Amino acid sequence: MSANWGLRLAVLLPALWLVLFVAWPLLIVAEISFSEVVSAIPPYLPVFGWSESGPSVSGNVENYRLLASDALYTASLLTSLRIAAVATALTLLIGLPIAHGIARAEPRFRGALLLLVILPFWTSFLIRVYAWIGILKNEGLLNELLLALGLIDQPLTILTTEWAIHLGIVYAYLPFMVLPLYVAIERIDPALREAAADLGARGTATFFRITLPLARPGIAAGCLLVFIPAMGEFVIPDLLGGPNTLMIGKTLWVEFFANRDWPVAAALAVVLLVLVLVGIAALDRAQRRAGEGLA
Amino acid sequence: MRRGNSLFGVTVLTAGFAFLYLPIVLLVIGSFNAGRQVNVWAGWSARWYGEALRNEQLVASIWVSLQVALAAATLATVVGTIGAFVLTRLPRFRGRALFRIGFLTPLVLPEVILGLALLLLFVRLDLDRGIGTVILAHATFGAAFVAVVVSSRLASFDPALEEAAMDLGATPMRAFLRVTLPVIAPAVLAGWLLAFTLSLDDLVIASFASGPGATTLPMRIYSQVRLGVSPEINAISTMMIAAVTVAVIGASLAAKRRR
């Protein structure tokens, strides 16, 4: 029957797409992470091959052993985790009062305020990161301003430090934090805050004891949306961080493009993927627990 | 209880928006600087816009990016819309959970992983790397975003309308084209726009998927930025920001009028 055929085709097309462009590529990454680097095109020994005696498997775990033993890789892994965690916490600290402020604004202003938060997301990420170079560099605008105000007498080195990376992440991902926080805070019944106020709680007490606990699903979602891309970030550490700041995304990039070591790059990708999945699972559980009895 | 914001709230919002917009404003002002030194003001001038538009490599990369974004967004919209339809309208089939995970994966995958994975796929398939492979790569993550946007619209649309059309003798295809598609059209358009801007913006995945002769605008900007800040990059950035601002405001006005 033609109707059934149509439906089957409708399922088949996206399913084939997912197998070809999502599942298979990730399996190839996993496969190549077990292969050996050679100077050839492509620069790796295939793991699965056919020889005269039948199928052959030639993989080994050398790449993973290298990742675990070489200080460069362990350092870039730990640095990524640390920077992503600190930057996510900073984004939360800055995003929370902004989301709270928007949720408390008069309803007719809220749409415009939200649009103002989202709009930078539509402008190029690369350009927004680039904009900070001109501000942060030694002879940049920030240092000129501080010098002119007499607050410092030597330019501060901010660019090429971890602080510049933190700043870049907070700046680039702030909308991802503010939106879920706003949704969570806006959903809280105002009667709860009023009740707290009637019982004598002051504004800060109400915020910490009513608003914050009830906004936990939004906090979890926002942190997830910032932490995951921050972990694998390449552009921000490359442009704002110094040559000594290693993050896993940048290390992967260098292994692939500069060193042409595809197998090690693939192994790094697998490790990063595992870390991301652990992060997702943890935050998903936190969110589900916090969301119980709410929605 | 008092509505609206306290003085603290207003201060926080003002500071927050200053933080979000000041770098962009400074970037735009810098593009009109007559001098070569970005941090030394030498008077207003549109000189760098001329320089940017005379830079043949830069202009060529704009065309590459536009072609890629147009093709990738369109492909992503077709695949993503069908995917969203399958996810929301066919609730039970084997492998549905896998299907869902597959569509959401590109959303949470770090760009370096998706870029590397797609590159290794193209190498395995022996595809020549160039505009075509960048289009396929961008369509892959674009389709995920389209699927999310369209399926949230489909979820709030009563399937009884489609069923009614089919009861009246329309084939499922016809019901989809005549009943469903007009209703979800704004979401499909929004998904296309999202896929289009994400494609225009992407550096990492394009760098992996691209080959010689297919340098996109972000790839070109990136290679210039590595050499240092220059007013020419500020000028090209300002033009991009202006184009996006016009497009976003236009789209939201169009959406408002339709409502």
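If you're wondering where the values come from, they're calculated on a predicted model, not measured in any experiment. Convention: sequence-line order gives letters A, B, ...; per-chain numbering from 1.
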At a 4.5 Å cut-off on heavy atoms, which part of B:L119 comes close to chain A: side chain, backbone, both, or neither? side chain
May I ask you to name which of A:V270, A:I32, A:L18, A:V29 has the most heavy-atom pairs under 4.5 Å with chain B? A:L18
Give me the ring orientation class for A:W132 and B:F19: parallel if the planes are under 30° apart, tilted from 30 to 60°, perpendicular past 60°. tilted
Should B:P218 and A:F125 count as side-chain neighbours, where that means a heavy-atom distance under 4.5 Å? no
Could you tell me which portion of A:P97 (side chain, backbone, both or neither) has an atom closer than 4.5 angstrom to a non-hydrogen atom of chain B? both
Which atoms of A:L113 are under 4.5 Å from chain B, going by heavy atoms: the side chain, the backbone, both sets, or neither? both
Where does A:F21 contact chain B at under 4.5 Å (heavy atoms): side chain, backbone, both or neither? both
CG-CD1 distance between B:L120 and A:I28, expressed to the nearest 0.5 angstrom: 6.5 Å
In terms of heavy-atom pairs under 4.5 Å, which option from B:V12, B:L20, B:L116, B:I241 contacts chain A the most? B:L20
Residue among A:V276, A:L272, A:V178 with most heavy-atom pairs under 4.5 Å to chain B: A:L272
Okay, A:W122 and chain B: the region with an atom under 4.5 Å from a heavy atom over there is both
Given that the side chain runs from C-beta out, which part of A:V11 has a heavy atom under 4.5 Å from chain B: side chain, backbone, both or neither? both
Do B:L27 and A:Y130 pass the side chain to side chain contact (heavy atoms under 4.5 Å, CB included) test, and can you show the C-alpha distance, the side-chain angles, and the key distance before you say yes or no? CA-CA 9 Å; B:L27 178 96; A:Y130 163 76; 3.4 Å; yes
Stepwise, does the side chain to side chain contact (heavy atoms under 4.5 Å, CB included) test hold for B:V123 with A:W262? CA-CA 12 Å; B:V123 169; A:W262 292 15; 3.9 Å; yes
Spatial distance of atom CD1 (A:I127) from atom CD1 (B:I24) [nearest 0.5 Å]: 9.5 Å
B:V78 versus A:W17: any side-chain heavy-atom pair under 4.5 Å? no
To the nearest 0.5 angstrom, please state how far the CZ atom of A:R104 sits from the CZ atom of B:F8. 11.5 Å
is_close_aromatic(B:F208, A:F257), centroid dist under 6.0 Å: yes
Go through the atoms of B:V204 and report whether side chain, backbone, both or neither lie under 4.5 Å from a heavy atom of chain A. both
If you count heavy-atom pairs within less than 4.5 Å of chain A, which of B:I221, B:L136, B:L22, B:L203 leads? B:L136
Could you look at A:L273 and say if it's the side chain, the backbone, both or neither that has a heavy atom under 4.5 Å from chain B? both
Contact origin within B:Y222 toward chain A - heavy atom pairs under 4.5 Å: both
Residue, of B:A15, B:G83, B:G102, B:G80, that accumulates the most heavy atom pairs under 4.5 Å with chain A: B:G102
Against chain B, label A:V129 side chain, backbone, both or neither, depending on which of its atoms sit under 4.5 Å from a heavy atom there. neither
If I measure from the heavy atoms of chain B, does A:I102 come under 4.5 Å with its side chain, its backbone, both, or neither? both
Counting heavy-atom pairs under 4.5 Å to chain A, which of B:G16, B:G9, B:S237 comes out on top? B:S237
Under a 4.5 Å heavy-atom cut-off, does chain A meet the side chain of B:T140, its backbone, both or neither? both
What part of B:P106 gets within 4.5 angstrom of chain A, counting heavy atoms only: side chain, backbone, both, or neither? side chain
Interchain contact, A:L252 with chain B, by part (heavy-atom threshold 4.5 Å): side chain
Which heavy atom in A:T123 sits nearest to a heavy atom in B:D201, and how many Å separate them? O-OD2, 4.4 Å
Given heavy-atom pairs under 4.5 angstrom as the criterion, report whether the side chain, backbone, both or neither of B:L125 touches chain A. side chain
I'd like to verify something: which residue of A:M231, A:E31, A:E233 has the highest number of heavy-atom pairs under 4.5 Å with chain B? A:E31
Starting at OG of B:S207, measure out to CZ of A:F256 and round the result to the nearest 0.5 Å. 10.0 Å
The reported gap from CE in B:M240 to CG in A:L126 (rounded to nearest 0.5 angstrom) is 8.0 Å
Identify the two heavy atoms, one from A:P25 and one from B:A117, that lie closest to each other, and give their separation to 0.1 Å. CB-O, 3.4 Å
Please find the pair of heavy atoms, one from A:I228 and one from B:P110, that lie closest to each other, and give the distance. O-CG, 4.5 Å
Is B:F17 close to chain A through its backbone or its side chain, or both, or neither, when contacts mean heavy atoms under 4.5 Å? side chain
Among A:L115, A:L119, A:I118, which has the most heavy-atom pairs under 4.5 Å with chain B? A:L119
With a 4.5 angstrom heavy-atom cut-off, which part of B:A139 approaches chain A: side chain, backbone, both or neither? both
Which atoms of A:A23 are under 4.5 Å from chain B, going by heavy atoms: the side chain, the backbone, both sets, or neither? neither
If every non-hydrogen atom of A:I98 is compared with every non-hydrogen atom of B:L13, which pair is closest and at what distance? O-CD2, 3.6 Å
Check each atom of B:L121 against the heavy atoms of chain A and say whether the ones under 4.5 Å are side chain, backbone, both or neither. both
A:N138 atom CG, over 12 foreign heavy atoms within 6.0 Å: yes
Selection from A:S124, A:A265, A:P42, A:A266 maximising heavy-atom pairs under 4.5 Å formed with chain B: A:S124
With a 4.5 angstrom heavy-atom cut-off, is it the side chain or the backbone of B:L109 that approaches chain A, or both, or neither? side chain
Rounded to the nearest 0.5 Å, what separation is found between the CG atom of B:L26 and the CD1 atom of A:I135? 5.0 Å
Heavy-atom contact with chain A under 4.5 Å, split by part of B:T105: side chain
In terms of heavy-atom proximity below 4.5 Å to chain B, should A:D198 be classed as side chain, backbone, both, or neither? neither
May I ask you to decide if A:L116's main-chain N or O and B:Y21's side chain share a donor-acceptor pair within less than 3.5 Å? yes
Please identify, among A:P229, A:P175, A:A230, A:A131, the residue contributing the most non-hydrogen atom pairs under 4.5 Å to chain B. A:A131
I'd like to know which of B:D202, B:L114, B:L98, B:L194 tops the heavy-atom pair count under 4.5 Å against chain A. B:L194
